[in-house]
Participant: 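Please find one structure pasted underneath; my questions will follow.
Below, each value reflects all heavy atoms present in this structure, side chains not excepted, and no hydrogens, waters or symmetry copies. None of these values were measured; they are calculated from a predicted model.
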Amino acid sequence: MTTYEHDSTRVTNPRATVTAEQLDSYLRTAEYDEAALVNTLLLACELHGIQHAARECILSEAILRRHLNGKRPLYLDTLLGVMRALGLQFRVEVI
């Protein structure tokens, strides 16, 4: 059982669980790279359906792709919309 499955038994989307684990483990590495993280989100959106993520962010698919591939600035509301579309929640924990 993964951390996210353990934290919340209501997780019914196995893709979201896998994506959450990947993003979480990536953020915990010392070699954290913002561009690589955003590219991981772009890949997850493409695998899960970028149309849904674009609708959640109230953007066209083309504009969302530009945000996630670094050609346009990525705003927090867009990041949160993408995460919501992927079935993820952004949270802060004490370390």
Side-chain angles (χ1 to χ4, degrees):
M1 184 175 280
T2 67
T3 304
Y4 290 93
E5 288 172 334
H6 179 66
D7 285 349
S8 174
T9 56
R10 70 182 186 279
V11 173
T12 58
N13 184 343
R15 286 188 198 169
T17 301
V18 170
T19 303
E21 286 291 333
Q22 289 172 338
L23 292 172
D24 189 53
S25 66
Y26 184 75
L27 286 171
R28 293 174 189 267
T29 64
E31 299 86 37
Y32 171 90
D33 178 27
E34 180 182 329
L37 177 69
V38 173
N39 282 332
T40 302
L41 283 174
L42 175 59
L43 178 61
C45 282
E46 289 172 344
L47 291 172
H48 299 269
I50 198 161
Q51 303 87 1
H52 177 65
R55 276 193 309 270
E56 185 71 36
C57 297
I58 313 171
L59 297 171
S60 71
E61 290 178 44
I63 297 295
L64 181 58
R65 283 182 198 278
R66 288 186 199 126
H67 281 289
L68 294 177
N69 69 17
K71 293 182 180 175
R72 294 187 102 178
L74 180 63
Y75 299 107
L76 182 61
D77 61 336
T78 304
L79 175 67
L80 294 176
V82 166
M83 293 183 73
R84 201 172 24 255
L86 294 173
L88 304 174
Q89 177 182 354
F90 186 75
R91 69 181 188 194
V92 177
E93 294 180 356
V94 176
I95 55 171

Participant: Any side chain to side chain donor-acceptor pair (under 3.5 Å) involving residues 59-80? Give me the pairs, sequence neighbours left out, ordered by first then second residue.
Facilitator: E46-R65

Participant: My understanding is that a hydrophobic cluster links ILVMFWY residues whose side chain heavy atoms are under 4.5 Å apart, including indirect links. Using that, what else belongs to the cluster containing L43?
Facilitator: L47

Participant: Atom CG in L79, atom CG in L68: separation rounded to 0.5 Å?
Facilitator: 8.5 Å

Participant: Give the minimum heavy-atom separation between L64 and C57, together with the two atoms involved.
Facilitator: CD1-SG, 4.4 Å

Participant: Please round to the nearest 0.5 Å and tell me the distance separating atom CG of L88 and atom CG of L41.
Facilitator: 8.0 Å

Participant: So, taking the atom named CD in E56 and the one named CG in L86, what distance separates them when rounded to the nearest 0.5 Å?
Facilitator: 10.0 Å

Participant: Would you please name every residue forming a side chain to side chain contact (heavy atoms under 4.5 Å, CB included) with L37, sequence neighbours left out?
Facilitator: L23, Y26, L27, Y32

Participant: When rounded to the nearest 0.5 angstrom, what distance separates CD in Q89 from CG in L80?
Facilitator: 10.0 Å

Participant: Would a 4.5 Å heavy-atom cut-off, applied to side chains only, mark E34 and L74 as touching?
Facilitator: no

